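Below is one structure, written out as structure tokens; the observations come after it.
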Amino acid sequence: MWQLADQSLESRLLIGSALYPSPSIMQDAIRASGAGVVTLSLRRQNPSAGGGNDFWALLRELDLHLLPNTAGCHSVKEAITTAQMARELFDTRWIKLEVIGDEYNLQPDPFGLLEATRELISQGFEVLPYCTDDLVLCEKLVDAGCRILMPWGAPIGTGKGLINPYALNTLRQRMPDITLIVDAGIGAPSHAAQALEMGYDGVLLNTAVAQASDPVAMARAFKHAVSAGRLAYEAGVMPARDMAQPSTPVLGTPFWKP
């Protein structure tokens, strides 16, 4: 078990609900992942306007913690309004905050993200900001009141994995008491395991499962990868060395010699 905000969860995998071939495959894959949290985008389908009701019903059947996001928002005003609507519709203080600054790589706008974070925290939200791995930005988000940060591994949907392990390691070392979740860019189970081995508290992914040839099998693979990565971290991963070192020391005398 681990603690995410005010909830105790068994799985350190958070999963998205978009891009699946069909609603039934979405449900089956999310169940196979073992995830306790599922993200959803209010801007893509708005149940208050009569759209997406069937989709929301399917998510409710999963009986997981909902993490609405502000995907598609390019301004502070858009993000705040979307978060307020999500709180009303889904009865949750949680919001995965996205304020996109660049259309090419969907990189977060650090200035808008920080401004929106401060406002939403003042309104009582539990803000989980999608941010880059920039240490100074992350420190300012924590100063604004964030208990959880979601730095990217790579740009959304690229599947490149952890493109800057040094920066991610620095965040983990400098922020030992903050919940850190790698969000975006995860493309393979090995990427997820790597993040957990580094001491990250969890990973959030979507495309790698939803667009796999077999989403259900891939979801199961990520479930095991996250568990393995955490176990390795807790056990103590062997540090890399520049020089070879024999696994069987040679003392000059075979152990079987009388």
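Computed from a predicted structure; not experimentally measured.
Between N206 and I15 there is no side-chain heavy-atom pair separated by less than 4.5 Å. No side-chain heavy atom of P189 sits under 4.5 Å from any side-chain heavy atom of K223. For the pair L14 and L4, the minimum side-chain heavy-atom distance is below 4.5 Å. Between D6 and E126 there is no side-chain heavy-atom pair separated by less than 4.5 Å.
Just one of L97, T179, L67, T117 meets the side chain to side chain contact (heavy atoms under 4.5 Å, CB included) condition when paired with L128; it is L67. Among the candidates D183, T39, N69, the single residue satisfying the side chain to side chain donor-acceptor pair (under 3.5 Å) test with K96 is D183. The side chain to side chain contact (heavy atoms under 4.5 Å, CB included) test with D109 is passed by exactly one of L114, V99, D102: V99.
Scanning all heavy atoms of the two residues, the minimum distance from L171 to Y200 falls at CB-OH, 3.6 Å. Summarising the geometry of G112 relative to V76, their closest heavy-atom pair is O-CG2, 3.4 Å, with the distance given to 0.1 Å. Summarising the geometry of T70 relative to A83, their closest heavy-atom pair is CG2-N, 4.1 Å, with the distance given to 0.1 Å.
D63 CG: 12 or fewer foreign heavy atoms inside a 6.0 Å radius. Applying the 6.0 Å contact sphere to CD of E10 captures no more than 12 heavy atoms from other residues, nucleotides or ligands.
Under the 3.5 Å distance criterion, with hydrogens and angles disregarded, a donor-acceptor pair is assigned to the side chains of E119 and Q123.
Using a cutoff of 4.0 Å between basic side-chain nitrogens and carboxylate oxygens, R172 and D201 are scored as salt-bridged.
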